[in-house]
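What follows is one structure encoded as structure tokens, with my remarks underneath.
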Amino acid sequence: MIDDFAKDTLHGRLRRDRQALLWKLDGLSEYDARRPLTATGTNLLGLVKHVASVEARYFGEVFDRPSPEPLPRWQDHDGGDLWAAEDETRDQIVGFYRRTWDHADATIGELPLAAPGHVPWWPEPSPNTNLFAVLIHVLGETNRHAGHADILREGVDGRTGMRPEHEQRIDEEARAAYRAKIERAARSAVAIHT
């Protein structure tokens, strides 16, 4: 009974975080969805593509349930899953992510938490694992990248939050005052602690 509760809870959180990540693309221009927003090139559509690839591998290859989506061999990873090429559309990448959800959800639904898996890209002695550990790992990855997307989106147009129903109208004046308060505290701390 605890296994069913744990699996349902973790799977529910994964579903929630997937939606949060996709929501970060809503209303963005094609350029803003794709453009590099950090010195290392991190971009919103690339985060979605990357997380889709992560799910496809972990809930596919690891449990001998290969993804129906074409993926390069993990040994050939070149960072191409971190950005959208010119010939890839947003709809293709989002569609890939949604189809990956279906495949991952089937794996999660059909296997018990103790189902054995093998992650060949994890170093010894850890490549042998189970669905519980993989579910925790992928939830962490998805949550981490949804957080990256939240920060990136805030930098593009100021929008923040995890779900549209919790989004509040941006009050630029209040936001600027709050930021200024934090800036003053940071400067004061430097004077006190140096």
Side-chain angles (χ1 to χ4, degrees), residues 10-59 67 69 71-72 74 76-105 121 134-187:
L10 294 171
H11 197 185
R13 296 288 175 121
L14 179 60
R15 286 180 172 127
R16 176 199 68 186
D17 292 347
R18 289 169 174 164
Q19 291 292 344
L21 178 58
L22 270 190
W23 179 53
K24 294 303 167 182
L25 295 175
D26 280 2
L28 285 180
S29 70
E30 200 62 34
Y31 176 70
D32 283 338
R34 296 167 174 268
R35 70 183 170 111
L37 296 165
T38 69
T40 58
T42 305
N43 61 91
L44 289 159
L45 194 54
L47 286 172
V48 171
K49 184 178 174 184
H50 172 69
V51 173
S53 297
V54 165
E55 276 205 43
R57 290 203 188 284
Y58 278 98
F59 294 116
S67 170
E69 299 290 323
L71 296 169
W74 65 267
D76 298 332
H77 182 267
D78 64 357
D81 69 331
L82 296 168
W83 59 283
E86 298 89 350
D87 62 342
E88 293 177 299
T89 68
R90 183 188 321 209
D91 286 345
Q92 286 172 324
I93 291 171
V94 169
F96 166 49
Y97 193 24
R98 290 186 184 278
R99 289 187 305 276
T100 297
W101 295 358
D102 293 340
H103 184 69
D105 289 348
W121 51 90
V134 167
L135 192 49
I136 295 288
H137 179 79
V138 173
L139 178 59
E141 282 282 313
T142 304
N143 188 271
R144 176 177 181 239
H145 293 309
H148 292 149
D150 195 37
I151 295 294
L152 294 178
R153 181 65 189 254
E154 182 179 348
V156 170
D157 63 7
R159 287 179 69 182
T160 62
M162 196 165 163
R163 294 191 294 276
E165 62 269 21
H166 297 294
E167 187 175 29
Q168 297 179 7
R169 190 178 65 71
I170 298 170
D171 181 340
E172 296 291 345
E173 190 175 302
R175 192 175 271 184
Y178 182 72
R179 188 180 185 292
K181 175 182 170 179
I182 296 169
E183 178 68 28
R184 283 190 306 275
R187 291 185 185 279

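The model shown is predicted, which means the values in this text are computed figures rather than measured ones.
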Less than 3.5 Å apart, which donor and acceptor atoms pair up between the side chains of residues 36-47 and the rest of the protein, not counting sequence neighbours?
residue : atom : partner : partner atom : Å
T38     : OG1  : T40     : N            : 3.3
T38     : OG1  : T40     : OG1          : 3.0
T38     : OG1  : G41     : N            : 3.3
T38     : OG1  : T42     : N            : 3.0
T38     : OG1  : T42     : OG1          : 3.3
T40     : OG1  : T42     : OG1          : 3.4
N43     : OD1  : G46     : N            : 2.6
N43     : ND2  : G41     : O            : 3.0
N43     : ND2  : L82     : O            : 3.1

Keeping the roles fixed (side chain from R99, backbone from G95), state whether a donor-acceptor pair exists under 3.5 Å. yes
For S29, does its backbone N or O pair with a side-chain atom of R34 as donor and acceptor, under 3.5 Å? no
Can you tell if the side chain of [X] reaches within under 4.5 Å of the side chain of [Y], non-hydrogen atoms only?
| X | Y | result |
| --- | --- | --- |
| R90 | V48 | no |
| L135 | Y58 | no |
| W101 | R15 | no |

Give, for atom [atom1] of [X] and atom [atom2] of [Y], the distance between the pair rounded to the nearest 0.5 Å.
| X | Y | atom1 | atom2 | result |
| --- | --- | --- | --- | --- |
| T160 | R153 | OG1 | CZ | 10.5 Å |
| R18 | H145 | CZ | NE2 | 14.5 Å |
| H50 | L21 | NE2 | CG | 10.5 Å |
| D171 | Y178 | CG | OH | 14.0 Å |
| R159 | L152 | CZ | CG | 14.5 Å |
| D105 | H11 | CG | NE2 | 3.5 Å |

Do any pairs count as a salt bridge (charged side-chain N to carboxylate O under 4.0 Å, His left out) and have a residue in residues 173-183, sequence neighbours left out, and if so which ones? E183-R187
Contacts of W83 that satisfy ring-ring contact (aromatic ring centres under 6.0 Å, His included) - sequence neighbours left out: none
All heavy atoms of T100 vs all of E55, minimum pair found to be CG2-CB, 3.5 Å
